[in-house]
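Below: one structure, written as structure tokens.
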Amino acid sequence: MNQTTPILGMHHVALRASDFDKSLRFYCEGLGFTVACQWGEGDSRIAMLDMGNGDKIELFAGGHPCTIDEQGAGAYFHFAFRCADVQAVYDRALACGATSKVPPKEGKLPSNPPLPMAVAFVYGPDGETLEFFCPKEG
């Protein structure tokens, strides 16, 4: 429990999509998110997508695609999704239109203490970087 403020956790992250329907299909059909609610029309469309555990992405229409060269230009760096099977999620993302950035691998983060993990990265429909992360025991 946060002892300083009554913040309970993350509710959602907002993402602008250049092709709203394409991104909606990718996140829902590809990664298995569900539409919790949606509103608006045209470039004012918005959908709240539930990841399955109450965490959400708020998808906004009216964005523009960015190139891989533009990644990291602002404060946003990547989304990291906790996964039980990094390889399965990575394969599914590629099958649904993502582009590989870093194929699945296992290792230990050079942290103190070291954190064993499996990880992979892809580029989503608008060039957004998505990380699939699984902490491992040991």
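We're numbering straight along the sequence, starting at 1. Just so you know, these numbers use all the heavy atoms, side chains as well, and skip hydrogens, waters and symmetry mates.
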Quiz item: Between Phe133 and Val86, does a side chain to side chain contact (heavy atoms under 4.5 Å, CB included) hold up when you go through it step by step?
Solution: CA-CA 6 Å; Phe133 186 89; Val86 167; 5.8 Å; no

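- Taken from CG in Leu130 to CZ in Phe81, the straight-line distance is 5.0 Å, to the nearest 0.5 Å.
- Counting only heavy atoms from C-beta outward, the side chains of Val122 and Leu94 approach each other to under 4.5 Å.
- The shortest side-chain heavy-atom distance between Phe26 and Asp19 does not fall under the 4.5 Å cut-off.
- Tyr27 has its ring centre less than 6.0 Å from the ring centre of Phe33.
- When all heavy atoms are compared, the tightest approach of Cys28 to Val35 is SG-CG2, 3.9 Å.
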Quiz item: Can Asp50 and Lys56 be said to form a side chain to side chain contact (heavy atoms under 4.5 Å, CB included), step by step?
Solution: CA-CA 5 Å; Asp50 191 307; Lys56 295 175 181 63; 3.7 Å; yes

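- The structure places CE of Met51 at 10.5 Å from NE2 of His12, a figure rounded to the nearest 0.5 Å.
- Heavy-atom minimum distance, Ala14 versus Phe60: CB-CE1, 3.8 Å.
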Exercise. Start with the C-alpha distance between Val13 and Asp55, add both sets of side-chain angles, then the distance that settles side chain to side chain contact (heavy atoms under 4.5 Å, CB included), and finish with yes or no.
Key: CA-CA 9 Å; Val13 173; Asp55 295 340; over 6 Å; no

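- Nearest heavy atoms, Pro135 versus Arg82: CD-CG, 4.4 Å.
- Separating the SG atom in Cys83 from the CE atom in Met117 is a distance of 13.0 Å, to the nearest 0.5 Å.
- The pair Asp21-Arg45 counts as a salt bridge, with a side-chain nitrogen and a carboxylate oxygen less than 4.0 angstrom apart.
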